Amino acid sequence: MVLPAQSAAVLAAAVAIAAAAAAAFLLPPSSRLSWAQRGRFADMILANATIYTADPARPFAGAMAIRAGRVLRVGAYESVKELKGRHTHELNLSGNVVLPGFIDSHVHFIDGGLQLARVPLRGVTSKDDFISRVKEATRDKHPGQWILGGGWNNDFWGGDFPDASWLDDISPDNPVWLSRMDGHMGIANSLAMKIAGINRSTNDPIGGTIMRTAEGEPTGLLVDTAMVLMFDVIEKVSPHERREALLRASRHALMRGVTTVVDVGSYFPGVSAEKTWQDFSDVYEWAHTMQKMLIRVCLFFPMPTWDRVSNLIGENGRSLSQWIYLGGVKAFLDGSLGSSSALFHEPYEGDPGNYGLQVTDMDSLLNRTLESDKSGLQVAIHAIGDKANDMLLDMVDKVVDLNGVKDRRFRIEHAQHLAPGAANRFGKQGIIASVQPDHLLDDADSAAKKIGFDRAERSSYTFRSLLTGGAQLAFGSDWPVSDINPMQAIQTAISRKPPGWEVPWIPAERLSLDESLKAHTISAAYACFLDHAVGSLSQGKYADFVVLPSTSWDDFAGDLPAHVLATYVSGKLAYP
């Protein structure tokens, strides 16, 4: 990538500051001491910048001072320059826009890092391309090795689902499992089904479906909890591979300006909760002990293990360090729209017996939610269909009645399709709507086919209605379902124009630039109880920020850039 001279100068200065900070630790101990104890002076000052703080007390500033990884002062340069000492490094940004580091409110972080090294099927638009990518992956595999990948979306090639026959001829000696982009469906080849013991006599598990031909033979497609049949036989990923995935995922996030993520893990109904706990002990605790963390993570654990989470917080507090925070518990109520398993009040178009799947028993969900809430844990539950969201809203009312009013910040993950009046109920109970704007890019063309034009138009991605109803919006990606890309997500929330569309999809639900930025910064921090530490460039908070190529606010607002120039974490250059 060739950068304009000004942008290159900004990066050169940033690299120089990072080098100077590192060099300080090569000095004799007495000199290091003076470096660390410089009194009231800043380590670094950003000057001549266009700083959007996400802090309503001072929305914009021209300069910022940083000391010991935190914001020391933000305001006009005249008020900041008095903090400049002889060891302070000043970065003149020549007007470049600075934003708080983005917070991605919903990721499957280690899975995303693993997916970066697997068969990439995101954006595939034809059967031939699908097959060729898998065929390419078989070339360096020994017989018997699994071929794993994901990200495919059948709507991109007309809607027909893949089946095992697409894969059998090109991978006769290798079992194959490829997940759909929403993570609620996957396709296996015949060898993988044989290993998993899936045949025409295999019963559908509760909360899942084995898709079959008219003759009753499995097609290779597994939906929701039926995917567990495959997960049980796929070769296990080693701790080393998962640790590498964390580092790979962190670098990918930093490249997009993300400095904090909410990792909801890889738990799914029917899957052992131990996988999430193994990721915690094998990966996150390892990274904590070895000082390998590159970005901040807030971890959510499977709700069935709420008592273990409560005990863990009792032993460690809410954080292991400035990098790893213990958030709460996560559960599921339904599936996804793309897999026709999101739970609706009315049936899917052309499938009158299908209302979607309820993947968790409501009595069990209520009881575990009550216990989690009593223990002080934050609760996050997946709901996509309008009936699933209504059921959760009713359940929250019961929780409040039984456990009392408090600052619980209950989260509904996705809140994708809402019945009339549901948006206002979010605000009534202070519920967080953890939403993913870029999912609408995938669903805009297919929603009407799935649930009918009228239902799609009145219920889908109702961001404006949620804000008007008093909900807090927290933006995320659901990576690896969609890519981590806050700048694109913000553009999507503002325009609601999928690729190739001339007009917005449901224009009344568009958001402003300021509303969208806050949903990826301060509101996202509030949504995971981290608004005291991150989310805005305010005095005392961590100095996590991104520098953009735009050189004025008008330039930025008129043409949102597709990339960031630099990402800083605790005042230190983390990307590039």
Side-chain angles (χ1 to χ4, degrees), residues 103-109 111 183-184 260-269 271 273 276-277 279-280 296-310 312-313 318 324-336 342-343 359-360 362 364-385 388-389 391-396 398-400 403 406-416 418 425-426 429-436 439 466 471-479 481 519 523-531:
I103 299 169
D104 192 313
S105 297
H106 187 118
V107 297
H108 309 274
F109 207 49
D111 285 347
H184 288 263
T260 301
V261 298
V262 176
D263 184 2
V264 295
S266 55
Y267 171 70
F268 194 80
V271 176
T276 298
W277 284 96
D279 283 343
F280 175 68
R296 308 185 204 284
V297 297
C298 181
L299 302 175
F300 276 71
F301 295 82
M303 183 181 277
T305 64
W306 66 267
D307 53 342
R308 289 176 68 179
V309 185
S310 181
L312 182 66
I313 292 175
R318 292 281 175 178
I324 301 175
Y325 298 86
L326 306 176
V329 292
K330 165 127 186 274
F332 287 79
L333 186 51
D334 67 345
S336 74
L343 186 63
V359 300
T360 305
M362 279 306 296
S364 172
L365 185 63
L366 173 61
N367 289 333
R368 285 173 172 166
T369 299
L370 285 167
E371 294 298 330
S372 301
D373 184 67
K374 284 179 186 176
S375 298
L377 300 177
Q378 189 178 16
V379 173
I381 301 180
H382 165 119
I384 287 183
N389 277 280
M391 291 169 71
L392 274 191
L393 291 167
D394 290 343
M395 189 191 77
V396 173
K398 292 180 183 177
V399 171
V400 173
N403 283 359
K406 66 176 181 177
D407 183 15
R408 50 177 45 89
R409 304 187 199 181
F410 189 98
R411 295 169 59 117
I412 294 183
E413 304 297 318
H414 310 302
Q416 192 166 299
L418 301 181
R425 297 180 66 190
F426 278 73
Q429 296 290 11
I431 297 172
I432 308 294
S434 173
V435 299
Q436 299 75 40
H439 282 4
L466 283 162
Q472 286 275 352
L473 285 186
F475 279 179
S477 64
D478 202 8
W479 187 59
V481 174
S523 292
Y526 174 87
C528 57
F529 284 96
L530 291 182
D531 46 317

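All values derive from a computational prediction rather than experimental measurement.
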Would you name the heavy atoms of [X] and [Y] that are closest together and state the gap between them?
X      : Y      : result
Ala433 : Ala415 : CB-CB, 4.5 Å
Val309 : Gly328 : CG1-O, 4.2 Å
Glu413 : Ser434 : OE1-OG, 2.7 Å
Ser336 : Ile384 : CA-CD1, 3.9 Å
Leu377 : Ile313 : CD2-CD1, 3.6 Å
Ser372 : Val379 : CB-CG2, 3.9 Å

Item to check | Residues which pass ring-ring contact (aromatic ring centres under 6.0 Å, His included) with Phe301, listed by chain and number, not counting sequence neighbours | outcome: Trp277, Phe280
With rounding to the nearest 0.5 Å, note down the distance linking [atom1] in [X] to [atom2] in [Y].
X      : Y      : atom1 : atom2 : answer
Met395 : Leu333 : CE    : CG    : 8.0 Å
Thr260 : Leu530 : OG1   : CG    : 7.0 Å
Leu366 : Asp373 : CG    : CG    : 10.5 Å
Thr305 : Arg368 : OG1   : CZ    : 9.0 Å
Ile432 : Ile412 : CD1   : CD1   : 10.5 Å

4.5 Å side-chain heavy-atom contact, [X] and [Y]:
X      : Y      : value
Leu466 : Leu418 : yes
Val481 : Gln436 : no
Arg425 : Leu392 : no
Phe426 : Asn389 : yes
Leu370 : Lys398 : no
Asp279 : Phe109 : no

Next on the checklist: Check whether Tyr325 forms a cation-pi arrangement with Arg296 (NZ or CZ under 6.0 Å from the six-membered ring centre, at most 45° off the ring normal).
Outcome noted: no
Next on the checklist: Students often mix this up, so state it plainly: with edges at 30° and 60°, are the rings of Phe332 and His382 parallel, tilted or perpendicular?
Outcome noted: tilted
Checklist outcome for this item: For Asp307, the salt bridge (charged side-chain N to carboxylate O under 4.0 Å, His left out) test, sequence neighbours excluded, returns none
Item to check | Intermediate values then yes/no, side-chain contact (heavy atoms from CB on, under 4.5 Å), Cys528 and Arg411 | outcome: CA-CA 9 Å; Cys528 57; Arg411 295 169 59 117; 4.1 Å; yes
Checklist entry - Can you list the steps and then say if Phe529 with Asp407 is a side-chain contact (heavy atoms from CB on, under 4.5 Å)? => result CA-CA 10 Å; Phe529 284 96; Asp407 183 15; 3.9 Å; yes
Checklist entry - Between Asp263 and Lys330, does at least one N-O distance fall below 4.0 Å, as a salt bridge requires? => result no
Next on the checklist: Suppose we screen for side-chain hydrogen bond (donor to acceptor under 3.5 Å, both in side chains). Which residues come up paired with Asp478, at least two apart in sequence or across chains?
Outcome noted: His106, His108, His439
Checklist entry - Can Leu393 and Ile431 be said to form a side-chain contact (heavy atoms from CB on, under 4.5 Å), step by step? => result CA-CA 9 Å; Leu393 291 167; Ile431 297 172; 3.6 Å; yes
Item to check | Test log, rule side-chain contact (heavy atoms from CB on, under 4.5 Å), inputs Thr369 and Phe410 | outcome: CA-CA 10 Å; Thr369 299; Phe410 189 98; 4.0 Å; yes
Next on the checklist: Using only atom types and a distance under 3.5 Å, with no angle test, would you say the side chain of Ser105 pairs donor to acceptor with the backbone of Phe475?
Outcome noted: yes
